[in-house]
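Before any comments, here is the structure.
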Amino acid sequence: MKQEVLREVQRVVLNLDVNGERAELLLPVHKTLLEVLREDMQLTGTKHGCELGECGTCTVLVDGRPELSCLLLPIQLEGRAITTVEGLASGSELHPLQQAFAETGAAQCGYCTPGILLAAKSLLESNARPSRDEIREALAGNLCRCTGYAKILDAIELAAGRMA
Amino acid sequence: MTTTREFGVVGKPLARVDAVTKVTGRAIYADDMLLPRTLHCRILRSPHPHARILSIDTSAARRIPGVQAVITGADLPIKFGILPVTQDERALEHEKVRYVGDPIAAVAAIEEEIAAAAIDAISVEYEVLDPVMSIEDALAAPRDERIQDYGGPNNIHKLVALEFGDVDAGFERADHIREDVFFFQGNTHLPMEQHSAIATYVDGRITLWSSTQVVHYVHRALAKVLELPMNRIRVIGAAHGGGFGGKTDPFAHEIIVCKLAMMTGRPVKCTLTREEVFYAHRGRHPVLMWVRTGATRDGQITAMHFRTALDGGAYGSYGVASTFYTGALQTVTYDIPAYRFEGCRVFTNKPPCGPKRGHGTPQPRFALELNLEKISHELGIDPVDLKQRNFVKPMTRTVNWLRVTSCGLDECTERVMTASNYRRRERRPGHGMGFAISSYLSGAGTAIYWNDMPHSEVQIKVDRGGVTAYCGAMDIGQGSDSVLAMIVAEELGLQPADVRLVTADTDTTPIDLGSYSSRVTFMAGNAAIEAARKMRGMVVEAAAAKMGCDTSAVEVRGGRIGDFTFEEASVLAEARFGTLTSAGSYTPPKLAGPYKGSGVGPSPAYSYSACVVDLDADARTGLVHVNKIWIAHDVGRAINPLLVEGQVEGSVYMGLGEALMEEQAFRKGLHKWPSMLEYKSPTFVDMPEVETFIVETDDPEGPYGAKEAGQGPLLPVPPAVCSAVYDALGVWIDEVPVTPEKIVEALRRKEKGEPGRFGPTRFPAIPYPPTIKVEPPPRDLPSAAPAAI
């Protein structure tokens, strides 16, 4: 059955706005945003941990809100602004969150880092000086196995202080 | 190698050398690689926990357009395994499958979806066998057949029985003897990155990029199974998305992509799904434990008898070592004058267990700490006092021949006691505090396979001021690259950013055995110091000649070598000596005692930790809320305190997950929850505040006195949680994870007048072999010298 499905894949032309750059792509309709970013746009900064919406690793921003790219279809996203970790820095100048994550040791293996950076960016845009508990709530959907979360909390507080 | 001089970069909380790469999303993990013409590989896995394979028909799969190759076990018949004594795995099984997830066939296709469709089109005929799913089952006669054709009797894999000193006499001397049975449930590493590997075959040479902790051991396994000389294979560690021990075995998918690349002439990539990662496993062994301890009236331990039964899963993996580890390190924290250890590992039809952070030692640590705590209550002695009275002393040798050098147990205990106010803790219903300690290796004293070669080597090249350090060590997120850069920079008077690193590449870097057993800082660190000091000698000599002074007058600091910049001095040195290269290596001292099995346990140095957990436990719901954890860790010296804190906090986190929720459980032969949603691990909101204290004891053999930090601090957390639950509610939960239903059940039993306890009640009868009696080390042996073998 799967073989028949493979033969009948429907493709569509889509215009996506990723990190302020517009791209026109011919895509199978069922391909997730995660796959399109990584495989069709070479934006491999967005990682995957489960591809089932369970771990938060593939978090990107859609119109500034954190979304799981493994659960989104690009066909839903024409005309929406998509931000990935590659869109955080301004040229070679790091975003304050990136700078703080680097300084405080908030990234160990670094695999969950892109998703957490984007979720944190969204939080700070709606709440410039969140409490530690507010940060925890906002990031509860992003798992990290290395840090025990402590240095990530430190980093977000440091960045919030600098951005305020 | 102890030094008292002022450091330039050692001891400073510097950012990791790869920090910017990682926060910008530019680190290239194996699955991020997509070479031109890459084929995608999927693996067919067994749906049965135990079955004979009668036939495999791949013809339909081969007919699917886009499928480039289909392989089965007949294409990769040579067995491999991480330990030389248990070469029991095949990359693809074609005779028998031993757990749900055992690999059977693999496909390379132009798209991943085509590969998946082809996998579905393979038909396998099985003769389903009765699965063995528990330790008790494995000890009994098999209803159909044994899982493996070695070991025994029944499904026993390994048996060991050792005695050090006169244990019977020790129990006779005791005023008080206590026996307990404990169970530590298995759990898994759950790295955020799924295992991934990509291979090419060009000009008769294989190149594999993989998410592995041990490029050298993967290299060896590939050479064996693919029947290629090692010089035709190159293994490169890609950026690493988390290991925790879970990527320390050579894996089937790594071998499969190489074979498929050889067959198709195209790059082949395989990334495991999250479900497959649960099957790859090699995680914490479930261990049933029985401990009998004798103590004098004032709490001095006179003898200990420790039994373990490990549920090993379907293959050997590191299991023989894991079995010895469940008995090895009890003596490294407490002075036990007579000690008997009986261990047993069984095969079951589950994914193989192996090394997870603390490898084989968190389970016995859990049992040991709680057993001593219970003894202290019975003797009316404060548990902290009782433990402290038995702490090992620095520069001593244990009854099982382990050499203890630096030991910061007293200071670690003092730090967490004072900070947590444990002794004057608040007494209110449902509130409790618990204390536990632990120790771990700074690298295993012996390699996985017997050889006399160094365990780590570092080469340094200097050219026109550019410093490059080459080492096989693999940075798995713990920061080993940063430690290497800091050490080389320290010796050459530079900053870490001045040092370019080439690591974990079997073609371009000299050997390092890899990132396991907390060995990298100690072993690669010492090798780096040696190489860097030789290089410093050359640039200093050249500078001194030009300055017309003695080398001792040439100061190396702040980017300068005497009167010159480092770059100028390196040009002078290259003119004087030719190409500037240096090398250093580290071979651990021969520390093993004179008995079979003594290779597991020795380490050039042991780290020490002490921990206090503060929690509230609800008697009605059984819910536990951890308020705060204090942890003090004797790391010898923190080469980078920021990274050490990160390792300690991460260890505490993982220990808390194991204590409260993480559980690799099975039902009817199936993994109950092979997904990140159902396999519970602590989130941001579950994690309490952790206050970390770094204790420095300046180890005599560690690089600048450093020891390990990445594993030891996990160990005291589970027993400290259980001790705090007892403090809060007066019931013992003698198994982890400590779930609400276990607490409620223990309270219910207590209410009924039964013992207020939840946990295993009996330890099975195990046919341990006759005990090998080992004389304790002679008293006149110089304590810091290696043991005579």
Side-chain angles (χ1 to χ4, degrees), chain A residues 1-3 5-7 9 38-39 42-55 57 84-86 88-89 94-95 97-99 101-114 117 132-133 135-153, chain B residues 13 15-16 18-29 31-34 64 66 111 113-114 116-117 120-121 189-194 239-244 273-274 476-479 642-643 645-647 649-654 656 675-677 681-685 687 689-690 692:
Chain A
M1 314 130 280
K2 216 177 224 176
Q3 296 151 44
V5 172
L6 285 174
R7 277 199 295 275
V9 167
R38 289 178 54 79
E39 295 165 16
Q42 288 78 49
L43 292 169
T44 53
T46 302
K47 308 300 181 196
H48 53 81
C50 67
E51 298 173 56
L52 294 166
E54 297 173 348
C55 69
T57 305
T84 69
V85 69
E86 289 90 348
L88 267 182
L94 297 180
H95 186 278
L97 276 164
Q98 291 174 308
Q99 184 64 38
F101 270 59
E103 285 173 27
T104 58
Q108 286 189 22
C109 84
Y111 199 80
C112 70
T113 308
L117 282 168
R132 240 171 146 80
D133 278 343
I135 301 173
R136 287 189 176 105
E137 272 311 316
L139 293 173
N142 290 76
L143 294 178
C144 166
R145 290 292 277 175
C146 292
T147 61
Y149 305 112
K151 300 245 180 286
I152 299 175
L153 293 170
Chain B
R16 316 165 52 92
D18 55 0
V20 172
T21 309
K22 283 180 170 168
V23 300
T24 51
R26 285 183 294 198
I28 305 297
Y29 302 82
D31 191 52
D32 298 340
M33 298 180 66
L34 197 66
I64 295 174
E111 285 177 28
E113 288 177 2
I114 295 173
D120 285 353
H189 319 81
L190 202 75
M192 294 311 296
E193 177 205 26
Q194 299 124 304
H240 203 281
F244 317 111
T273 64
R274 178 53 63 182
I476 59 169
Q478 87 281 43
L642 194 63
L643 297 186
E645 279 173 21
Q647 287 305 298
E649 289 161 0
S651 295
V652 168
Y653 151 86
M654 201 162 270
L656 191 64
S675 85
M676 293 178 106
L677 190 64
S681 66
T683 69
F684 268 96
V685 291
M687 206 43 211
E689 190 193 337
V690 177
T692 302

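Just so we're on the same page: letters track the sequence lines, and every chain starts at 1.
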* To do: Identify the two heavy atoms, one from A:Gln98 and one from B:Val23, that lie closest to each other, and give their separation to 0.1 Å.
  => NE2-O, 2.9 Å
* To do: Name the member of B:Val690, B:Leu34, B:Ile28, B:Leu642 that forms the most heavy-atom pairs with chain A at distances under 4.5 Å.
  => B:Leu642
* What residue in B:His240, B:Glu193, B:Glu645, B:Met687 has the most heavy-atom pairs under 4.5 Å with chain A? -> B:Glu193
* Asked: Which of the residues B:Gln478, B:His189, B:Met33 is involved in the greatest number of heavy-atom pairs with chain A at under 4.5 angstrom?
  -> B:His189
* Structure fact -> Under 4.5 Å to a heavy atom of chain B? For A:Thr147 that would be backbone
* Engaged part of A:Leu139 at the chain B interface, taking heavy atoms whose separation is under 4.5 Å -> both
* Spacing of CG belonging to A:Asp133 relative to CZ belonging to B:Phe684, to within rounding of 0.5 Å -> 12.5 Å
* Engaged part of B:Ser675 at the chain A interface, taking heavy atoms whose separation is under 4.5 Å -> both
* Qualifying residues under side chain to side chain donor-acceptor pair (under 3.5 Å), relative to B:Thr21, sequence neighbours excluded -> none
* Among B:Gly66, B:Gly25, B:Pro191, residue most engaged with chain A (heavy-atom pairs, under 4.5 Å) -> B:Gly25
* Using a cut-off of under 4.5 Å on heavy-atom pairs, state which of A:Cys144, A:Ala106, A:Pro114 scores highest against chain B. => A:Cys144
* Kindly compute the distance separating OG1 (A:Thr84) from NZ (A:Lys47), expressed to the nearest 0.5 Å. => 10.5 Å
* Structure fact -> Assert top hit (heavy-atom pairs under 4.5 Å, partner chain A, pool B:Met192, B:Met676, B:Arg26, B:Arg16) equals B:Met192
* Structure fact -> Per-residue tally against chain A (heavy atom, under 4.5 Å) across B:Ala19, B:Ala15, B:Gly241 peaks at B:Gly241
* In terms of heavy-atom pairs under 4.5 Å, which option from A:Arg145, A:His95, A:Lys151, A:Arg136 contacts chain B the most? -> A:Arg145
* **OG1-NZ distance between A:Thr113 and B:Lys22, expressed to the nearest 0.5 angstrom** => 8.0 Å
* Asked: What part of A:Ile135 lies closer than 4.5 angstrom to a heavy atom of chain B: side chain, backbone, both or neither?
  -> neither
* Quick one: what part of B:Met654 sits under 4.5 Å from any heavy atom of chain A, side chain, backbone, both or neither? -> side chain
* To do: Measure A:Leu88 against the heavy atoms of chain B and call it side chain, backbone, both or neither at under 4.5 Å.
  => neither
* To do: Step by step, work out the side-chain contact (heavy atoms from CB on, under 4.5 Å) result for A:Gln108 and B:Gln647.
  => CA-CA 9 Å; A:Gln108 286 189 22; B:Gln647 287 305 298; 3.2 Å; yes
* Give, as side chain, backbone, both or neither, the part of B:Ile476 having an atom under 4.5 angstrom from any heavy atom of chain A. => backbone
* Measuring from A:Cys146:SG to B:Tyr653:OH, what's the distance to the nearest 0.5 Å? -> 9.0 Å
* What pair of heavy atoms forms the shortest contact from A:Gly49 to A:Cys55, and how long is it? -> CA-SG, 3.5 Å
* Give the intermediate values and the outcome of side-chain contact (heavy atoms from CB on, under 4.5 Å) for residues B:Arg274 and B:Gln194. => CA-CA 6 Å; B:Arg274 178 53 63 182; B:Gln194 299 124 304; 3.9 Å; yes
* To do: Please look at A:Glu103 and chain B and tell me whether the side chain, the backbone, both or neither of the residue comes under 4.5 angstrom of a heavy atom of that chain.
  => backbone
* Asked: What do the steps show when you test B:Thr273 against A:Glu51 for side-chain contact (heavy atoms from CB on, under 4.5 Å), and what is the final call?
  -> CA-CA 8 Å; B:Thr273 64; A:Glu51 298 173 56; over 6 Å; no
* To do: Against chain B, work out which of A:Glu86, A:His48, A:Glu39 has the most heavy-atom pairs shorter than 4.5 Å and name it.
  => A:His48
* Between A:Gly45, A:Cys50, A:Ala89, which shows the greatest number of heavy-atom pairs under 4.5 Å with chain B? -> A:Cys50
* Asked: How about A:Leu143 and B:Thr683: do any of their side-chain heavy atoms sit closer than 4.5 Å?
  -> yes
